[in-house]
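Note that this is a predicted model, so its numbers are computed, not measured. Positions are given from 1 along the sequence. Note that ligands are numbered from 1 as they come in the structure, with each ligand's atoms numbered from 1 the same way.
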Amino acid sequence: MKIINPATEEVIKDVEPTPTEKMAQYHGHALQAQKQWAQVSINDRLKVLDSYEKRVKDQRDELARLLTLETGKPISQARNEVTGSLDRVRHLKRYAHKWLESEVLSTGDVLEFVCYEPLGVIANISAWNYPYNVGYNVFLYALTAGNAVLYKPSEYATLTGLKIAELLEESGLPGHLFNVIVGDGSAGQQLLELPLDAYFFTGSHRTGLEIAKSVAPKLVPLQLELGGKDPLYVMEDVADVKQAAINAAEGAFYNNGQSCCAIERIYVHEAIYQDFVSHFVSAVKGYQIGDPMSEQTFIGPLTRSEQLGVFEKQCADALAKGAKLLLGGKRIQGKGFYFEPTIFVDVNHDMDLMKSESFGPIIGIQKVTDDSEALGLMDDTEYGLTASVFSADESRARTLLDQLDVGTAYWNCCDRVSPNVPWSGRRHSGLGSTLGASGIRTFTKPKAYHWKN
Ligand code: NAD
């Protein structure tokens with residue numbers, strides 16, 4: 001399997017996909033290793049994380065360069081991810097005891113208590129857009145809860161996946177607990193064939209659905225963190241229209257729009273619409289596009305070349321249906337998978353741009369007359385990951401956000417994930433949740449004890 005640098009289209013490395021027999025071997029060894037790991041104290045498991053955190057901090061620049069090399073993520077954003085994602089480690093160090101230790105629930109005639117046992121050996125099939133963040137949400141929490149993991153990084157973030165395994169081993173994680181499966185979707189499919197104890201997936205709705213169908217007969221836990229078409233509504237009472245436009249643009253274009261919770265569509269109250277649009281366009285025009293290794297670059301190449309065709313189709317469809325193009329609209333000629341940051345106005349929900357996940361540097365801005373119109377449009381989607389409202393009026397924003405069927409609601413912020421609160425998608429955006437208080441118990445099965453003396 002060839003690992004390609006999306007900025008230059010050069011082959012960085014040839015790697016050998018993991019053969020099916022090897023996956024079965026990993027599974028056999030993991031079964032044994034997990035039984036022992038489950039007996040290791042929470043403190044000792046956390047010591048491994050502690051050492052891992054130090055190693056990542058020490059090697060931050062090297063890890064960020066590797067991430068940039070294989071995904072095209074601008075280097076400053078890669079560094080942010082490598083260090084920012086360590087908030088998960090700190091979260092686990094703070095709360096693992098509280099969530100994993102047994103709890104006494106009643107002390108009557110019969111003592112009633114619950115123990116949280118690990119699930120066993122789990123699969124983690126993951127995405128490339130934030131391999132540290134979304135990877136940690138699953139495998140660091142799973143390991144801390146006493147599980148073994150067969151981790152399949154995306155084929156677009158393979159080298160980072162292999163590096164993480166190396167770091168975990170150097171940090172003292174016992175052998176066979178974290179096994180990297182190298183390969184593309186077909187390796188993922190083979191992984192589904194193994195009799196694992198649970199399946200955790202981060203990726204597109206399309207693949208998530210295939211996985212759900214394939215593992216359903218096993219009747220084991222399945223969790224899906226899928227895509228979104230996340231809306232932002234900017235009310236007319238925002239304190240500063242320019243600042244709102246700058247923040248919205250960053251929410252849409254950070255990581256080249258390749259974030260599951262990126263702003264994918266914007267609704268703006270008619271009273272500030274013109275002003276907002278002109279500040280939004282200025283903000284996006286100010287982004288430096290180019291070599292992702294440069295400190296100044298904000299927009300690098302797309303990670304996957306296939307996406308270029310997806311955006312071209314969305315642009316053509318929007319133009320054919322009457323949208324007005326204010327910026328961008330085409331791929332950038334030359335080496336690398338570059339697409340111009342693209343802004344459309346005069347858009348509507350007949351256009352694919354406003355309905356299907358774009359996952360790139362392309363956005364539609366639609367004018368609305370009131371909150372009720374905004375609410376109807378925000379809700380006109382099969383996805384349910386996040387929704388944002390920018391407004392000076394907290395209760396007006398809250399009233400609107402409370403009516404949306406989404407896992408995360410943002411007031412005056414967007415495109416952020418915090419380990420303190422659950423991360424979950426509804427409807428086509430997923431099943432189950434990671435992070436927050438439940439994020440570690442997701443990787444356990446409760447056993448109830450009724451204890452009569
Ligand atoms: P993808 O679905 O193409 O691939 C995800 C993973 O599944 C990869 O490792 C891939 O090799 C594997 N895979 C592909 N086909 C498979 C199959 N048939 N069986 C088993 N495994 C298979 O998604 P992607 O391009 O890697 O990621 C982008 C998507 O992920 C976007 O939709 C994005 O919104 C979503 N995402 C969601 C979250 C979240 O937390 N909700 C986070 C990051 C990304």
Side-chain angles (χ1 to χ4, degrees), residues 1 3 6 15 17-18 20 23 70-71 73 81 85 88 123-139 141 150-158 160-161 180-194 196 199-215 222-230 254-264 302-307 310 356-360 381-386 406-408 415-419 421-436 439 442:
M1 190 173 80
I3 311 285
V15 290
T18 308
T20 319
M23 290 185 204
E70 68 176 335
T71 65
K73 186 182 294 251
E81 183 183 348
S85 55
R88 274 74 166 168
N124 177 196
I125 300 177
S126 205
W128 46 266
N129 61 329
Y130 285 94
Y132 285 92
N133 288 330
V134 299
Y136 288 177
N137 291 359
V138 175
F139 65 71
Y141 283 73
L150 300 193
Y151 174 60
K152 199 199 91 55
S154 162
E155 55 272 41
Y156 300 102
T158 304
T160 294
V180 178
I181 307 292
V182 172
D184 58 15
S186 59
Q189 274 172 322
Q190 286 161 28
L191 195 50
L192 302 178
E193 301 294 320
L194 290 175
L196 302 180
Y199 296 82
F200 292 82
F201 172 73
T202 309
S204 62
H205 169 258
R206 188 181 43 77
T207 311
L209 201 59
E210 270 182 53
I211 291 179
K213 284 183 191 157
S214 157
V215 305
L222 165 71
Q223 184 156 298
L224 304 171
E225 306 229 338
L226 310 178
K229 188 71 191 167
D230 297 1
Y254 190 84
N255 199 26
N256 221 348
Q258 302 169 120
S259 307
C260 52
C261 52
I263 302 279
E264 287 251 342
L302 294 151
T303 306
R304 298 166 303 170
S305 57
E306 310 88 82
Q307 277 310 97
V310 172
S356 304
E357 186 180 43
S358 306
F359 217 59
T381 176
E382 285 167 323
Y383 289 105
L385 194 58
T386 84
V406 293
T408 296
D415 190 26
R416 78 187 287 279
V417 178
S418 158
V421 285
W423 180 245
S424 62
R426 300 185 184 175
R427 299 177 285 159
H428 283 197
S429 293
L431 197 68
S433 78
T434 48
L435 303 178
T442 296

Side chain or backbone of Glu155 under 4.0 Å from ligand 1, or both, or neither, by non-hydrogen atoms?
side chain

If the cut-off is 4.0 Å to any non-hydrogen atom of Trp128, which atoms of ligand 1 fall inside it?
24 (P), 25 (O), 26 (O), 27 (O)

Contact check: Ser204 vs ligand 1, nitrogen or oxygen atoms, below 3.5 angstrom
yes

Interfacing atoms of ligand 1 (cut-off 4.0 Å, heavy-atom, Arg304):
25 (O)

Go through the steps for Phe359 and Trp128 under the test ring pair (Phe, Tyr, Trp, His ring centres under 6.0 Å), then give the verdict.
CA-CA 12 Å; Phe359 217 59; Trp128 46 266; 5.6 Å; yes

Can you report which non-hydrogen protein atom sits closest to atom 15 (N) of ligand 1, along with the distance?
Thr207 CG2, 3.3 Å

Tell me which part of Asp184 gets within contact of ligand 1: side chain, backbone, both or neither, using heavy atoms under 4.0 Å.
backbone

Take every heavy atom of Ser126, measure it against each atom of ligand 1, and state whether any distance is under 4.0 Å.
yes

Tell me which one of Ser358, Gly161, Gly185 gets a heavy atom nearest to atom 14 (C) of ligand 1.
Gly185

If we only count N/O pairs under 3.5 Å, is Asn129 in contact with ligand 1?
no

Does Arg206 reach ligand 1 with a nitrogen or oxygen that is under 3.5 Å from one of the ligand's nitrogen or oxygen atoms?
no

Applying a heavy-atom cut-off of 4.0 Å, say which part of Tyr156 lies close to ligand 1: side chain, backbone, both or neither.
neither

Using only heavy-atom distances, determine whether the side chains of Glu70 and Thr160 contain a donor-acceptor pair under 3.5 Å.
yes

Sub-4.0 Å atoms of ligand 1 with respect to non-hydrogen atoms of Ser154
9 (O)

Applying side chain to side chain contact (heavy atoms under 4.5 Å, CB included), run through Leu150 and Asn124 and close with a yes or a no.
CA-CA 6 Å; Leu150 300 193; Asn124 177 196; over 6 Å; no

Is there at least one pair of N or O atoms, one from Ser429 and one from ligand 1, spaced under 3.5 Å apart?
no

Side chain or backbone, does Phe359 bring an N or O within less than 3.5 Å of an N or O on ligand 1?
no

Apply salt bridge (charged side-chain N to carboxylate O under 4.0 Å, His left out) to Glu382 and Arg427, showing your working.
CA-CA 6 Å; Glu382 285 167 323; Arg427 299 177 285 159; over 6 Å; no

Sub-3.5 Å N/O-N/O distance, Leu192 and ligand 1
no

Heavy atoms of Leu196 and Leu191 approach each other most closely as CD1-O, 4.0 Å

So if I count the atoms of ligand 1 from 1 in the order they appear, which ones are less than 4.0 Å from some heavy atom of Val134?
42 (C), 43 (C)

Proximity winner for atom 36 (N) of ligand 1, if only heavy atoms of Gly425, Cys260, Gly407 are counted
Cys260

What protein heavy atom sits nearest atom 12 (C) of ligand 1, and how far off is it?
Ile125 CG2, 3.7 Å

Tell me, which protein residue and heavy-atom name are nearest atom 7 (O) of ligand 1, and how many Å apart are they?
Phe201 CE1, 3.2 Å

Close-contact set for ligand 1 against Glu210 heavy atoms, below 4.0 Å:
18 (N)

Which residue and heavy atom of the protein sit nearest atom 19 (N) of ligand 1, plus the separation
Gln189 CG, 3.4 Å

What protein heavy atom sits nearest atom 34 (O) of ligand 1, and how far away is it?
Glu357 OE2, 2.7 Å

Closest candidate by heavy atom, reference atom 20 (C) of ligand 1, pool Ser214, Gly188, Gly135, Ser186:
Gly188

Does ligand 1 have an atom that lies less than 4.0 angstrom from a heavy atom of Trp423?
yes

Check for a donor-acceptor pair, side chain of Ser154 on one end and backbone N or O of Ala127 on the other, with a separation under 3.5 Å.
no

Considering heavy atoms of the protein only, find what lies nearest to atom 41 (N) of ligand 1 and give residue, atom and distance to 0.1 Å.
Leu226 O, 2.7 Å

Lys152 to Phe201 six-membered ring, cation-pi geometry met (6.0 Å, 45°)
no

